[in-house]
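All values derive from a computational prediction rather than experimental measurement.
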Amino acid sequence: MELSSPFHIVLVEPEIPPNTGNIARLCGATRTVLHLVGKLGFSTDDRALKRAGLDYCQEVDIRFWKDLEELKKAFPEGRFIYTSKKAIMNYVDMAFREGDFIVFGKETMGLPDELLEANPESCVRIPITGRVRSINLSTAAGIVLYEALRQTGQLH
């Protein structure tokens, strides 16, 4: 498969329809491919999902995969960047490249520890201060994607 956009957002088993809808809208606005991986916590026909952004469905390249391995096999040259609050590297310290796959885990669990432990040099975090444990998935996707676009000169 040919890369058709500067970046790819990968959601592994997303659970909350409005988050996925908002990320779909973000992808449509940035020519980013959205990959939905594994068992989804909702129907893609869900009205809440459409209200949150899939009303722009014709503007978004959305692809479905049974698991992350299937996606990686389809893009053997792809570089996968994993996001996690457990990562050591700050997302602004990652040198993003066009074509990167930016991977986010499910809202309640994040990505599997085994995946993160096997790829420490490809894991990034968004710094969070105070007592808040995490930020919304769609907010996190926007933060990291726009940094990648900024680094690669895609913002005009």
Side-chain angles (χ1 to χ4, degrees), residues 1-38 40 44 49 52-107 109-128 134-156:
M1 289 183 176
E2 187 177 322
L3 300 179
S4 60
S5 70
F7 291 97
H8 299 258
I9 292 288
V10 179
L11 303 181
V12 178
E13 298 183 358
E15 301 167 307
I16 301 173
N19 284 340
T20 301
N22 288 336
I23 293 168
R25 184 180 294 209
L26 171 72
C27 290
T30 58
R31 295 180 326 140
T32 300
V33 177
L34 176 59
H35 301 271
L36 301 179
V37 176
L40 306 181
T44 53
L49 186 62
L54 276 188
D55 51 332
Y56 292 98
C57 199
Q58 69 279 7
E59 301 298 323
V60 186
D61 182 355
I62 302 176
R63 302 176 190 182
F64 296 87
W65 306 93
K66 117 181 127 155
D67 56 34
L68 200 52
E69 288 310 309
E70 182 183 44
L71 171 59
K72 287 179 165 184
K73 283 181 187 171
F75 294 91
E77 302 300 316
R79 184 172 78 145
F80 289 76
I81 308 297
Y82 305 100
T83 61
S84 173
K85 66 181 181 178
K86 300 173 186 174
I88 307 255
M89 186 187 321
N90 188 314
Y91 76 102
V92 298
D93 295 327
M94 172 60 73
F96 290 97
R97 300 188 305 240
E98 282 190 42
D100 281 347
F101 290 75
I102 305 168
V103 184
F104 295 87
K106 63 170 82 177
E107 289 91 338
M109 305 279 297
L111 292 168
D113 287 340
E114 312 81 59
L115 179 65
L116 302 173
E117 290 165 6
N119 300 283
E121 71 291 339
S122 299
C123 295
V124 298
R125 68 179 171 77
I126 298 169
I128 299 173
S134 63
I135 57 175
N136 180 276
L137 179 63
S138 60
T139 300
I143 289 169
V144 178
L145 177 59
Y146 268 85
E147 174 61 15
L149 291 165
R150 184 196 67 78
Q151 284 186 20
T152 57
Q154 301 293 321
L155 301 177
H156 345 291

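The side-chain heavy atoms of E15 and K106, taken from C-beta on, include a pair separated by under 4.5 Å. Counting only heavy atoms from C-beta outward, the side chains of V124 and N90 never approach each other to under 4.5 Å. Residues W65 and L36 have side chains not in contact (no heavy-atom distance under 4.5 Å, counting atoms from C-beta outward). Using a 4.5 Å heavy-atom cutoff, the side chains of L155 and Y146 are in contact. Residues P6 and T30 form no side-chain contact, since every pair of their non-hydrogen atoms from C-beta on lies 4.5 Å or further apart. In this structure, the side chains of F7 and L145 come closer than 4.5 Å at one or more pairs of heavy atoms. Two residues are said to be in side-chain contact when any heavy atoms from C-beta on lie closer than 4.5 Å; V37 and L11 fail this criterion.
Rounding to the nearest 0.5 Å gives a distance of 10.0 Å between OG1 of T139 and CG of L26. To the nearest 0.5 Å, atom CG of residue L116 and atom OH of residue Y82 are 9.0 Å apart. Atoms CZ and CG, from F104 and L137 in turn, are 6.5 Å apart once rounded to the nearest 0.5 Å. The distance from atom OG of S134 to atom CD1 of I126, rounded to the nearest 0.5 Å, is 10.5 Å. The distance from atom CD of E13 to atom CD of E107, rounded to the nearest 0.5 Å, is 11.0 Å. Rounding to the nearest 0.5 Å gives a distance of 9.5 Å between OG of S138 and CD1 of I143.
Under the 3.5 Å distance criterion, the side-chain polar atoms of D100 are left unmatched by any main-chain donor or acceptor of I102. Under a 3.5 Å cut-off, the side chain of T83 and the backbone N or O of V103 do form a donor-acceptor pair. Side-chain atoms of R125 come within 3.5 Å of backbone N or O of I88 as a donor-acceptor pair.
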Steps toward side-chain contact (heavy atoms from CB on, under 4.5 Å) verdict (F96, L149): CA-CA 8 Å; F96 290 97; L149 291 165; over 6 Å; no
Worked verdict on D61 versus T32 for side-chain contact (heavy atoms from CB on, under 4.5 Å): CA-CA 7 Å; D61 182 355; T32 300; over 6 Å; no
Step-by-step ring-ring contact (aromatic ring centres under 6.0 Å, His included) determination, H35 to F64: CA-CA 6 Å; H35 301 271; F64 296 87; over 10 Å; no
Pair D113-K86, salt bridge (charged side-chain N to carboxylate O under 4.0 Å, His left out): steps then yes or no: CA-CA 9 Å; D113 287 340; K86 300 173 186 174; 2.6 Å; yes
Trace of the side-chain contact (heavy atoms from CB on, under 4.5 Å) decision for M94 with M89: CA-CA 7 Å; M94 172 60 73; M89 186 187 321; 3.9 Å; yes
Q151 vs R97, side-chain contact (heavy atoms from CB on, under 4.5 Å): CA-CA, chis, key distance, verdict: CA-CA 8 Å; Q151 284 186 20; R97 300 188 305 240; over 6 Å; no
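Looking at every heavy atom in both residues, T152 comes nearest to E98 through CG2-N, 4.0 Å. Smallest separation of non-hydrogen atoms from P14 and T20: CB-OG1, 3.4 Å.
Using a 4.0 Å cut-off between charged nitrogen and carboxylate oxygen, E147 and R150 count as a salt-bridge pair.
By the neighbour-count criterion of 12 heavy atoms within 6.0 Å, atom CD1 of I135 is densely surrounded, having more than that number from other residues, nucleotides or ligands.
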